[in-house]
Each structure stands twice: as C-alpha cells, then as structure tokens.
Protein chains: 2
Amino acid sequence: MKTSADAPLRGAQPHCQTCSLNALCLPLSLTENDMEKLDDIIRRGRPIQKGQLLFKQGDESQSVFAVRTGALKTYTLASNGEEQITGFHLASELIGLSGYDAGKYPLTAKALETTTVCEIPMPQLDDLADDLPDLRKQLMRTMGTEIRHDQNMMLLLSKKNADERVASFLLDISQRYQRRGFSATHFRLPMSRVDISNYLGLAVETVSRVFTRFQKNEWIETQGKEIILLDNNTLYDLAGLTPVNEKCLHEA
Amino acid sequence: MKTSADAPLRGAQPHCQTCSLNALCLPLSLTENDMEKLDDIIRRGRPIQKGQLLFKQGDESQSVFAVRTGALKTYTLASNGEEQITGFHLASELIGLSGYDAGKYPLTAKALETTTVCEIPMPQLDDLADDLPDLRKQLMRTMGTEIRHDQNMMLLLSKKNADERVASFLLDISQRYQRRGFSATHFRLPMSRVDISNYLGLAVETVSRVFTRFQKNEWIETQGKEIILLDNNTLYDLAGLTPVNEKCLHEA
DNA sequence: CGTGGATTTGAATCACCTCAAAGGTCGTGG
DNA sequence: CCACGACCTTTGAGGTGATTCAAATCCACG
C-alpha cells in the first residue's frame with residue numbers, strides 16, 4: 001500500500017492524457033479527443049511553496065486550478081480579519097470554481113506544503129464548456145459536490161460537538177486519501193492543528209484535547225501530523241455515518 | 001413602496017417572457033428567442049400548501065425548481081434525524097441544483113407558506129444547457145452564488161456570536177426583498193423562529209432573546225413575523241458588513 | 001544548538017443551551 | 001362568534017461544553 005508521503009506522480013506529468021489523476025479530475029468522462037482539447041488550454045507552472053498564495057480574495061478571478069501534488073487550504077476573510085477555512089484541497093481537486101462567474105475570487109487559496117497545480121484559464125475553459133457537453137457536465141458535477149460538501153459542513157458546524165467534528169474530519173480525509181489509492185487508516189495530515197480547529201469551528205486547544213482523548217481511548221494513534229485510525233466503527237459512529245456509506249463530506 | 005405581502009405576480013404568469021421575475025431568475029441574460037426555448041420545457045403546477053414537501057432527501061432528482069410565489073426552506077437530515085436548514089428560498093430563486101448530477105436530491109424542500117413553483121425537468125434543462133451558452137453560464141452562476149452563500153454560512157456558524165448571526169440573517173433577508181422591489185426595512189419573515197434558530201445554529205430561546213434585546217435597543221421593531229429595521233448602521237456593523245457593500249450572504 | 005512557532009495541558013470563565021413554564025397566535029369546530 | 005386546542009414564542013433559572021488565558025513542552029529549521 002502506498003502512503004500519502006508518496007507523490008502521486010513519479011515525474012512531472014505534462015499531459016492530462018497520461019496523468020494518473022485524470023480519473024479523479026476534470027477530464028473524468030472526457031473522450032481521448034476532448035481531453036486533448038482540455039489539455040491544450042492547461043498551463044503548468046512551477047511549484048508553489050508552503051505558505052504562498054495561489055490567489056487572494058478579491059483578486060480578479062482568471063483561472064481555475066487543479067491540484068497536481070501537495071495540498072492547499074481555501075479561506076474567506078471576515079470583516080474583522082479573522083479567517084474561516086472553507087476547505088482543504090488534495091491532489092486532483094479543483095479550486096476556484098466558486099469565483100467562476102463572480103469576476104473576483106471570493107476566497108484565498110494558500111499552499112499547505114509545496115504544491116503543483118494545473119492552471120485552467122477561465123475564458124478558455126468557458127469556451128470549451130460550450131463545445132464539450134461532457135466537460136460542462138463535469139464542471140457542474142464538481143460545483144454540485146462543492147455545494148453538498150459545504151452543506152454538510154453547515155450541519156457539522158451547527159449540530160455536532162467537538163468529538164463528532166473531529167471524527168467527521170478524520171474520516172473525510174481518510175476517504176479522500178483512499179480514493180487516491182492511499183491507505184485509509186494511515187496517513188499524514190497536511191494541515192496544522194490551528195487549521196483543523198479553524199475549519200471545524202473549534203479552538204485549537206479543544207482539537208488538541210480531542211486528539212489526546214481519542215488516543216487515550218485507542219480510537220486513533222497520533223504522532224504529530226501522522227495519523228493512524230484504530231477504531232473505525234467508533235469514529236463512523238461519532239461522525240454520524242455508517243461504514244457502508246462511503247460517502248462523506250465530499251460525496252454527500 | 002410595495003410590501004412583501006404583495007404577490008410579485010398579480011395574476012398567474014404562464015410564461016417566462018412576461019414574468020416579472022425573469023430579470024432575477026434563470027432567464028436572466030437570455031435572448032427573447034432562448035427564453036422561449038426555456039419556457040417550452042417549464043412546467044407550472046398547482047400551488048404547494050404550507051408544510052408540504054416539494055421534494056425529499058433521497059428522492060430521485062428529476063427537476064430543478066424556480067420559486068414563483070411564496071417561500072420554501074431546504075434542509076438536510078443528520079443521521080440522528082435532526083434537520084439542518086441550509087437555505088430559505090424566496091421568489092425567483094432556484095432550488096434543487098445541488099442534486100443536478102447526483103441522481104438524488106441531497107436535501108428536502110418544504111413550503112413555508114402556500115407556494116407556486118416553475119418546474120424545470122433536468123434532462124431537458126441539461127440538453128438546453130448544451131445548446132444555449134447563456135443558459136449554461138447562468139446555471140453555473142447560480143451554483144457559484146450558492147457556494148458563496150454556503151461558505152458565508154460556514155463563516156457565520158463558526159465565527160459569529162448570536163447577535164451577529166441574527167443581524168446577518170435580517171440583513172440578508174432585507175437585501176433579498178429589496179432586490180425584488182420590496183421594502184428593505186419593513187417586511188414579513190416567512191419562516192418561524194424555530195426555523196431561524198435552526199438555520200443560524202442557535203437555540204430558539206436564544207433567537208427569541210436576541211430579537212427582544214434588539215427591540216429594546218431600538219435596532220428593530222418586531223410584531224410576530226413582521227419586522228422593521230430601525231438602525232441599519234448598527235445591524236450592518238454587527239453583521240460585519242459595510243452598508244456600502246450591498247452584497248450579503250447571496251452575493252459574496 | 002538555539003529560536004520561534006506549534007502543540008499540549010491546566011484552570012477559570014462565559015455564551016449559549018437545556019429545562020420549565022407562562023403567554024400568544026391561529027385555525028377549527030361547535 | 002366564541003371557545004378550544006395545538007403550536008409557536010417569550011421569559012426565567014440553572015447547567016455545561018467549549019473558550020479563554022496562561023504556561024510548559026515539543027518540534028522544525030536555520
């Protein structure tokens with residue numbers, strides 16, 4: 001079993017057609033021919049370093065991005081300057097679609113570690129979406145998934161207690177790694193405890209205490225950012241999910 | 001000034017072309033000709049009574065709906081059966097798009113009062129979206145707006161206190177009525193206090209107390225569901241918005 | 001090897017919740 | 001038209017889970 005420490009791409013993959021992520025990414029369900037057209041408009045830049053911004057709230061939104069390697073967080077700024085993390089984005093996931101029509105990005109995207117992305121200029125993506133029905137459908141699917149994720153977060157933020165939130169979070173990450181072929185029970189969290197607490201609407205100290213308690217109960221094992229899930233049943237139970245139902249935050 | 005008690009449509013309006021809401025609704029930015037094509041696939045049924053469901057979480061999703069008159073709430077069900085309201089939907093607003101690709105509605109839609117809707121069958125909308133670029137763009141705009149709304153709600157639910165939540169809520173509703181040509185300061189809330197509290201992630205009692213306190217401070221005046229906003233500046237301040245920035249929950 | 005940030009732990013506080021009960025409102029049926 | 005009941009809203013009192021504040025410890029990195 002690969003671990004999340006492995007890069008999903010051994011070398012730089014300059015084309016969608018040969019990218020190991022294409023079955024999870026935008027090209028999903030595109031024909032070979034359509035995929036080439038999409039590939040033609042994609043720009044692949046140099047890696048972004050940890051802490052750097054991919055784009056900033058209020059910037060003119062010009063592109064949508066697909067994460068190739070690494071991870072990012074997106075967050076909105078409250079008027080008092082506080083940030084609310086709205087999502088973490090792992091390889092193959094799309095960022096920036098919520099600013100598709102708005103002209104400006106409604107949130108900021110910051111790299112959690114060294115990250116490479118595929119940049120898809122919006123005007124050209126827009127044109128292509130008119131020509132390729134499958135691409136349009138995939139874009140709308142992605143937006144629908146995002147809406148369902150956010151609505152699940154609303155449920156989490158307004159109804160779940162600290163334990164339930166952390167369990168939901170761990171299982172969400174677990175399932176997303178699993179879909180990418182990594183271990184569902186042993187992975188490395190790319191984000192800090194502060195980021196987790198912000199995302200879950202809790203204080204850092206609370207998240208820390210929950211992690212400690214989960215470990216005491218032998219539900220998980222933690223070593224810094226390394227996580228091992230020991231008791232999936234309990235975690236699923238806490239999260240309000242059934243292990244059968246593999247669909248978590250990202251799959252409504 | 002009209003008040004929200006007036007129906008936005010004097011008589012039944014059987015066509016998008018003559019509907020007073022078309023500038024706010026899906027036909028926005030469509031040409032006369034394209035609007036006719038959209039109009040052709042729209043079904044207009046009999047009114048839904050208060051408390052009735054438009055569709056239910058888990059149902060096969062077959063249509064998108066535009067609210068013609070009245071109001072609905074949409075909510076997701078937690079595993080323990082608790083409901084989390086994800087949105088209120090007033091005239092001209094679209095419901096059901098988040099289930100566009102999913103096959104099943106990821107939430108339930110219930111009428112808050114007698115409500116009429118335009119039903120747009122998804123397969124035909126889907127086909128039409130391939131033919132009419134403007135319609136596709138409008139659909140994606142609508143989904144983008146929904147995403148921004150939900151992310152603003154995440155911010156509200158995890159960072160704002162009770163006062164700030166209620167202020168945000170009142171201003172959101174106010175602005176949405178205003179866009180429809182109604183008074184921004186005097187309106188009738190179509191939903192119960194219980195619904196408001198659920199939506200805002202608070203206990204009913206807390207919402208009630210906040211309303212009482214706002215009234216004592218002469219920031220608002222309430223008479224049951226009737227609301228008058230007296231001190232917009234304070235409310236905007238609480239909500240973390242600037243009165244200049246007219247864009248609230250629905251306009252990121 | 002030292003430094004600054006991140007994480008953990010402890011103690012005290014607080015905003016909101018829960019429980020309980022008293023009004024209000026609305027629709028229904030007599 | 002009024003009385004009744006069901007439900008919604010408001011108000012009060014007390015409890016609590018999570019926060020805040022403070023400080024020790026761990027860790028990554030130059």
Side-chain angles (χ1 to χ4, degrees), chain A residues 5 49-51 73 80 82-85 110-114 156-170 188-217 220-227 238, chain B residues 5 49-52 73 78 80 82-85 110-114 156-170 188-217 220-227 238:
Chain A
Q49 296 305 315
K50 176 175 177 172
K73 63 175 173 181
N80 57 10
E82 270 189 315
E83 69 182 57
Q84 168 63 39
I85 296 178
K110 182 182 275 189
L112 293 168
E113 54 194 33
T114 304
L156 177 145
L157 291 170
S158 92
K159 293 281 185 301
K160 297 187 181 178
N161 66 26
D163 284 9
E164 292 165 348
R165 294 183 196 198
V166 172
S168 298
F169 170 74
L170 289 174
R188 182 185 170 78
L189 297 173
M191 71 294 288
S192 71
R193 296 287 193 272
V194 176
D195 285 339
I196 296 172
S197 68
N198 180 301
Y199 180 61
L200 296 178
L202 298 168
V204 205
E205 296 92 328
T206 304
V207 170
S208 178
R209 280 183 254 267
V210 173
F211 270 86
T212 305
R213 184 148 18 91
F214 279 16
Q215 187 153 19
K216 271 195 187 117
N217 294 345
I220 66 172
E221 208 176 304
T222 65
Q223 174 83 264
K225 296 196 189 312
E226 293 289 334
I227 302 281
L238 271 174
Chain B
Q49 295 304 313
K50 176 176 176 171
Q52 283 189 315
K73 63 175 172 180
N80 57 10
E82 269 188 314
E83 70 181 56
Q84 168 63 37
I85 296 178
K110 183 183 275 190
L112 293 169
E113 54 194 33
T114 305
L156 178 146
L157 291 170
S158 92
K159 292 283 186 300
K160 296 187 182 180
N161 65 27
D163 283 10
E164 293 165 347
R165 292 184 197 198
V166 172
S168 299
F169 170 74
L170 289 175
R188 183 185 170 79
L189 297 173
M191 71 295 286
S192 71
R193 296 288 193 271
V194 176
D195 285 338
I196 296 172
S197 68
N198 180 301
Y199 180 61
L200 295 179
L202 299 168
V204 204
E205 296 92 330
T206 303
V207 170
S208 178
R209 279 184 254 267
V210 172
F211 270 87
T212 305
R213 183 147 21 88
F214 279 16
Q215 187 153 20
K216 272 196 186 118
N217 294 345
I220 65 171
E221 207 178 304
T222 65
Q223 174 84 267
K225 296 195 191 312
E226 293 290 334
I227 302 279
L238 271 174

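Every chain is numbered from 1 and lettered A, B, ... according to where its sequence line falls, protein lines coming before strand lines.
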Query raised in the report: When you look at A:Glu83 and A:Lys73, which way does the salt bridge (charged side-chain N to carboxylate O under 4.0 Å, His left out) test go after all the steps?
Result: CA-CA 11 Å; A:Glu83 69 182 57; A:Lys73 63 175 173 181; 3.4 Å; yes
Whole angstroms only, please: what is the [atom1]-[atom2] distance between [X] and [N]?
{"X": "B:Phe214", "N": "D:dT10", "atom1": "CZ", "atom2": "P", "answer": "13 Å"}
{"X": "A:Leu112", "N": "C:dA6", "atom1": "CG", "atom2": "C1'", "answer": "15 Å"}
{"X": "A:Ile227", "N": "C:dT7", "atom1": "CD1", "atom2": "C1'", "answer": "13 Å"}
{"X": "B:Lys159", "N": "D:dT19", "atom1": "NZ", "atom2": "C1'", "answer": "13 Å"}
{"X": "A:Arg213", "N": "D:dA18", "atom1": "CZ", "atom2": "P", "answer": "8 Å"}
{"X": "B:Arg193", "N": "C:dG24", "atom1": "CZ", "atom2": "P", "answer": "15 Å"}
{"X": "A:Glu226", "N": "C:dT7", "atom1": "CD", "atom2": "C1'", "answer": "16 Å"}
{"X": "B:Gln215", "N": "D:dT10", "atom1": "CD", "atom2": "P", "answer": "9 Å"}

Query raised in the report: Measuring from A:Arg209:CZ to A:Lys216:NZ, what's the distance to the nearest 0.5 Å?
Result: 11.0 Å
Query raised in the report: Atom CD of A:Glu164 and atom CG of B:Asn80: how far apart are they, to the nearest 0.5 Å?
Result: 7.5 Å
Query - N/O donor-acceptor pair under 3.5 Å between B:Arg193 side chain and B:Gly224 backbone - result: yes
Report task. Taking all non-hydrogen atoms of both residues into account, name the closest pair between A:Ile85 and A:Asn198 and its distance. Result -> N-OD1, 2.7 Å
Query - Considering all heavy atoms, the nearest B:Leu157-B:Leu200 contact - result: CD2-O, 3.4 Å
**Report entry** Which residues share a side chain to side chain donor-acceptor pair (under 3.5 Å) with A:Lys159, sequence neighbours left out
**Finding:** B:Gln84
Report task. Could you check if a side-chain atom of B:Glu113 sits within less than 4.5 angstrom of a side-chain atom of B:Arg188, using non-hydrogen atoms only? Result -> no
Query raised in the report: How does each nucleotide of nucleotides 13-23 of chain C score, in 5' to 3' order, for protein heavy atoms under 4.0 Å: base (B), sugar-phosphate only (S), or none (-)?
Result: ---SSBBB---
Query raised in the report: With sugar-phosphate meaning primed atoms plus P, OP1 and OP2, does A:Ser208 contact a base, only sugar-phosphate, or nothing at under 4.0 Å between heavy atoms?
Result: base
Query raised in the report: So, is A:Lys225 near the phosphate of D:dC27, with a side-chain N or O under 4.0 Å from OP1 or OP2?
Result: no
Report task. Indicate whether OP1 or OP2 belonging to C:dT9 is found under 4.0 Å from a side-chain N or O atom of A:Thr212. Result -> yes
Query - Greater than 12 external heavy atoms within 6.0 Å of B:Lys50's NZ - result: no
Scan nucleotides 28-30 of chain D against the protein and return all N/O pairs shorter than 3.5 Å with their distances rounded to 0.1 Å.
none

